Amino acid sequence: ITIYNQEYFIKYIYSSIQRQKLKDIEIIFIDDASSDNSPMIIKNLMKKDKRIIYIHNKINKNAFYSRNRGVLFAKGEYVLIVDPDDLLLNNILIKCYEISKYYNLDILQYFVIRGSYVKNNIWYRNKYKSGILYSEKVKDVFYYSISRTLWDKLIKREVFINGINYMKKEFQNEIYFVHSDDTIFWGIINSAESYGFLEQIGYFYNKDNPVSVIHHYYDPV
């Protein structure tokens, strides 16, 4: 979870994670040099929940760098990228974990519901049905824009790291402003051998929030 001046939302995303049935997890907050009370809120949560890990960037490095840093630090078999102003829904962690383990999936994508003022607005509902793509077919997900975001997928950590290494070295260590999700997802797609689709809503994307992550990080032209 990359944090940049998101003090208001931290308790909500944490609560949505805490309610998940899958308990054997790490909850990694990467503080991208926040100037508000976000660090204090996270450190207070750490006193109550030993699963929480706090990583601090001394200077603001953007979501791309911070997410990759969190993944490289993680120890689990799978990773899930979550924005602090969004929510996990419907015990999606245990569902994705069990399915990914059973089918040995590199990536498992689920439905996202979008916007705090939009009812029944489910992304990608008609884009696919439950199933699995293998080998070269996995790249179709990127080419046909089914989804290039990171927060609607459970991803095998080894595959994510291979995706980071697939990209040029400077992308790993410096700020990179061109569609950060697309950039790393291209590396992940080129490292994955299997890609599954789950027809269940697992994530609430709060795009209508005026202080969301998407409004903090702009891609300059």
Side-chain angles (χ1 to χ4, degrees), residues 1-101 107-113 116 149-161 164 181 184 198 200-206 209 211-214 216-217:
I1 310 168
T2 298
I3 300 291
Y4 179 64
N5 293 339
Q6 298 286 321
E7 61 181 5
Y8 177 78
F9 298 98
I10 292 172
K11 62 180 180 180
Y12 295 107
I13 184 58
Y14 170 71
S15 294
S16 79
I17 296 171
Q18 190 181 38
R19 288 194 296 268
Q20 297 286 314
K21 287 185 178 179
L22 186 62
K23 302 297 184 183
D24 186 16
I25 61 174
E26 297 172 308
I27 306 172
I28 303 175
F29 287 96
I30 305 96
D31 173 22
D32 197 16
S34 295
S35 58
D36 64 0
N37 290 321
S38 293
M40 182 184 69
I41 294 170
I42 296 169
K43 289 176 181 178
N44 285 336
L45 289 174
M46 292 176 70
K47 297 175 183 178
K48 303 174 182 178
D49 193 334
K50 301 302 182 184
R51 300 175 300 172
I52 296 176
I53 298 167
Y54 177 73
I55 299 174
H56 178 250
N57 294 341
K58 292 183 179 180
I59 61 173
N60 185 269
K61 300 285 279 186
N62 201 300
F64 177 82
Y65 172 90
S66 299
R67 287 171 173 174
N68 290 351
R69 186 180 181 190
V71 170
L72 293 170
F73 187 88
K75 302 296 189 295
E77 185 178 3
Y78 297 91
V79 293
L80 186 77
I81 302 298
V82 183
D83 282 345
D85 47 336
D86 299 335
L87 300 171
L88 292 179
L89 305 173
N90 301 326
N91 281 310
I92 195 64
L93 289 185
I94 190 68
K95 294 173 183 177
C96 285
Y97 175 73
E98 290 177 346
I99 292 170
S100 295
K101 288 290 288 184
I107 306 170
L108 179 60
Q109 179 182 333
Y110 45 83
F111 284 144
V112 174
I113 188 167
S116 56
T149 53
L150 297 177
W151 32 252
D152 60 344
K153 303 169 181 70
L154 187 73
I155 303 171
K156 193 172 287 186
R157 188 174 67 92
E158 179 184 4
V159 172
F160 203 121
I161 292 174
I164 295 173
D181 279 27
I184 188 57
L198 176 63
Q200 292 191 28
I201 299 171
Y203 196 90
F204 178 83
Y205 176 53
N206 192 13
N209 166 27
V211 292
S212 69
V213 169
I214 196 172
H216 277 301
Y217 294 117

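Since the structure is predicted, the reported quantities are computational estimates derived from the model, not experimental observations.
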| query | Just by modelled atom types, is the Ala33 backbone N or O under 3.5 Å from a matching donor or acceptor in the Asn57 side chain? | reply | no

| Between the side chain of Asp181 and the main-chain N/O of Leu150, is any donor-acceptor distance below 3.5 Å? | yes

| request: Check Leu87 against Ile13 and note the closest heavy-atom contact, atom names and distance. | output: CA-CD1, 4.0 Å

| query | Taking the six-membered ring for Trp, are Tyr110 and Tyr203 parallel (under 30°), tilted (30 to 60°) or perpendicular (over 60°)? | reply | tilted

| field | Distance in Å, Leu72 CG paired with Ile55 CD1, rounded so as to fall on 0.5 Å steps | value | 9.5 Å

| message | Tell me whether Lys23 at atom NZ has more than 12 heavy atoms from other residues, nucleotides or ligands lying less than 6.0 Å away. | response | yes

| More than 12 heavy atoms from other groups under 6.0 Å of NZ on Lys21 | no

| query | Would you call the rings of Tyr8 and Tyr12 parallel, tilted or perpendicular, where under 30° means parallel and over 60° means perpendicular? | reply | tilted

| message | One pair to check against salt bridge (Lys or Arg N to Asp or Glu O under 4.0 Å): Arg67 and Asp83. What are the steps and the verdict? | response | CA-CA 10 Å; Arg67 287 171 173 174; Asp83 282 345; 2.9 Å; yes

| query | Is it true that a side-chain atom of Arg157 and a backbone atom of Gly76 form a donor plus acceptor pair closer than 3.5 Å? | reply | yes

| Counting N and O atoms only, with roles assigned by atom type, does the side chain of Gln6 sit under 3.5 Å from a partner on the main chain of Ser38, one being a donor and the other an acceptor? | no

| query | Got a sec: does the CD of Glu158 have more than 12 other heavy atoms crowding it under 6.0 Å? | reply | no

| query | Under 3.5 Å, side chain of Lys48 to main-chain N/O of Asn44, donor-acceptor pair present? | reply | no

| request: Check whether any side-chain heavy atom of Leu154 sits under 4.5 Å from a side-chain heavy atom of Ile99, and report yes or no. | output: no

| message | We want to know whether Asn206 and Asp86 form a side-chain donor-acceptor pair, criterion being a heavy-atom distance below 3.5 angstrom. | response | no

